[in-house]
Amino acid sequence: MIIVLKPEASESEVDHIIDRLRDLGLKSQISTGQERTIIGVIGDDRILHNQPLTALPGVESVLPILAPWKLVSREFKKESTIIDVGGVKIGAKQLVIMAGPCAVERLELTVGIAHEVKASGATILRGGAYKPRTSPYSFQGLGREGLDYLVEARKQTGLPVVSEILDTRDIELFLEKADIIQIGARNMQNFELLKEVGAYDKPVLLKRGLSATIKEFLLSAEYIMSRGNQNVMLCERGIRTFETQYRNTLDLAAIPTLKELSHLPVIVDPSHATGKWDLVAPMSKAAVAAGADGLLIEVHSNPECALCDGEESIKPSKFKALMADLKKIAKAVDREL
Ligand code: PEP
Ligand code: MN
C-alpha cells in the first residue's frame, strides 16, 4: 500500500503517520519525489483495510500496490532510481561500464587491468575475490587478499569496485572494502544473504538466478529493499534454456520488462550470459540498444591463462574497440557514454 501525502504535509504530520503505522506493526519507507512525497507501507498491510488512514492529517490518498514486489515497483516510485557510487551515477543518462577480471588474481595483473579499462572509459572495476565455482577443485578465489588487491587498484585508479559476497559472515569485510556488493546468480534466493545486505546502505548488484523468473528476481530485490537498503541494481546475466551452443541465453526482453516493472537500474552482463568472448561485443550492443543502464564485462589481459572464465573474457584492446562502438549505440538511444 502507498500513502500519498499532501504537498503541504508537515514533518510532524508525517511522523504521526509513521507512528500510527508502527503501532499497527508496519514499517514505513518514505520516498520523496519531484512532485509528491509518498510513504510505502511495509509488512502485511491487509490490516489497513479497516483503518481510515485518509482521516490522518497530511494524507491525500491511500492506494494499493498490485505488484507482489512493492518497494521495487514503478507503482511505488515513478522516477528511475539513480545510485551514486563514489560520484558514478548508476541509472542516469550516462551508461555505466563495470569491467575487470572474473577473479582477482595477482596484484599487478589486477591493477594493470584496472588502468586499461579505465583508459577505455570504464567507471567501475569488477573482480571476484570469493568465487562460487561449480567444482570444489576449481580456483576458489583469493578471499580477503583479493579484496585488498581491489582496494589497491581503486587507490591507484580511483575506480570504485564491485565484488561478490558469498557468506553473511563476510559482511563487515565487504562493507569496509567494496563499493558495490554483488550477489551472484547462485545466491539470488539465498534469503539470509539478501536480508543481511538489506540491513545497510551499501549499493548491491543483484544478479538474476540461473533459472529465475522475472517475478522471483524482483521478489529477491524486494527482500533487500524491505530491510531498508534502497540502493539496489538488477543484473540480467543470462538464463538456462535448452540451448547448449552457449553458456546461457541472454534474455534481452528482460531489460525493457524490468525497466517497466521497476524503478531500479538494470545492468547487463554479456560475459556470463554467453560464456563466449566473441559474443560479448554483439550482446553488449544489443543490451544498450534495449535500454540497459550499464554493462558488467569480464576483461583479462591474458584470457588463455585466466584462473576463471578466460573463454568469455575479452582483451583490453577488444574492450577499447567495443567502447568506441557502444558510444554510437548509446547516442542512437539517447544515452551518453
Ligand atoms: C561473476 O560475475 O563473477 C559471476 C560469478 O557471475 P554469475 O553469478 O552471474 O554467474
Ligand atoms: Mn566469471
Side-chain angles (χ1 to χ4, degrees), residues 96-105 109-110 113-114 117 122 124-136 138-143 146-147 149-150 161-167 170 174 178-190 193-194 197 203-212 214 216-217 220-221 224 232-241 246-251 254-255 258 266-277 279-280 283-284 287 292 294-315 319:
V96 172
I97 310 296
M98 311 179 185
C102 175
V104 178
E105 302 179 20
L109 189 72
T110 310
I113 296 172
V117 296
I124 303 224
L125 174 67
R126 69 144 286 149
Y130 295 84
K131 295 305 303 174
R133 305 306 299 276
T134 304
S135 164
S138 302
F139 176 59
Q140 303 284 311
L142 297 180
L147 286 176
Y149 292 177
L150 288 174
V161 301
V162 54
S163 199
E164 179 172 355
I165 191 169
L166 297 183
D167 193 323
D170 292 328
F174 276 79
D179 300 289
I180 303 174
I181 300 180
Q182 179 173 322
I183 302 273
R186 287 153 194 81
N187 276 315
M188 189 205 82
Q189 285 189 317
N190 180 337
L193 198 51
L194 299 177
V197 298
V204 175
L205 178 98
L206 176 67
K207 299 189 95 177
R208 184 176 181 181
L210 308 182
S211 300
I214 297 273
E216 288 162 340
F217 189 19
S220 287
I224 302 173
V232 180
M233 53 204 105
L234 304 167
C235 180
E236 161 59 38
R237 47 77 72 205
I239 48 173
R240 280 214 173 147
T241 67
Y246 18 78
R247 186 172 177 181
N248 291 297
T249 299
L250 177 59
D251 182 6
I255 303 165
L258 291 170
V266 174
I267 307 297
V268 170
D269 171 351
S271 308
H272 294 90
T274 60
K276 292 187 164 184
W277 68 265
L279 294 180
V280 169
M283 290 301 99
S284 296
L295 300 168
L296 179 73
I297 302 179
E298 287 186 339
V299 177
H300 197 289
S301 34
N302 189 6
E304 57 187 67
C305 294
L307 295 179
C308 188
D309 287 349
E311 61 286 356
E312 66 192 36
S313 301
I314 56 172
K315 291 187 180 161
F319 178 70

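All ligand and atom numbering here is 1-based and tracks the order in the structure. One-based numbering along the sequence shown.
Closest to atom 4 (C) of ligand 1 among all protein heavy atoms lies His272 NE2, 3.5 Å.
For ligand 1, the atoms sitting less than 4.0 Å from at least one non-hydrogen atom of Gly184 are 8 (O), numbered in the order shown with element in parentheses.
Of the listed options Lys207, Arg208, Glu164, Lys131, Lys207 places a heavy atom closest to atom 7 (P) of ligand 1. Counting only non-hydrogen atoms, the option in Gly209, Ala185, Pro101 that gets closest to atom 8 (O) of ligand 1 is Ala185. Within the set Arg126, Glu298, Met98, the minimum heavy-atom distance to atom 3 (O) of ligand 1 is found for Arg126.
Under the rule for a side-chain hydrogen bond (donor to acceptor under 3.5 Å, both in side chains), the partners of Asp167 that lie at least two apart in sequence or sit in another chain are Arg169. Contacts of Glu164 classified as salt bridge (charged side-chain N to carboxylate O under 4.0 Å, His left out), with partners at least two apart in sequence or in another chain: none. Under the rule for a side-chain hydrogen bond (donor to acceptor under 3.5 Å, both in side chains), the partners of Glu216 that lie at least two apart in sequence or sit in another chain are Thr213.
Protein contacts to the Mn ion (ligand 2) involving N, O or S atoms at a distance below 2.8 Å are Cys102 SG, His272 NE2, Glu298 OE2, Asp309 OD2.
The number of heavy-atom neighbours closer than 6.0 Å to CZ of Arg240, taken from other residues, nucleotides and ligands shown, is 12 or below.
Using a 4.5 Å heavy-atom threshold, the side chains of Arg237 and Ile267 count as separate. Using a 4.5 Å cut-off on side-chain heavy atoms (C-beta onward), Phe217 and Leu258 make contact.
For the pair Arg237 and ligand 1, the shortest N or O to N or O distance falls below 3.5 Å.
Of the possible polar contacts, one joining the Ser163 side chain to the Gly127 backbone as a donor-acceptor pair under 3.5 Å is found.
Side-chain atoms of Asp309 and His300 form no donor-acceptor pair, as typed in the model, at a separation below 3.5 Å.
The minimum heavy-atom distance linking Leu194 with Asn187 is given by the pair CD2-O, 4.4 Å.
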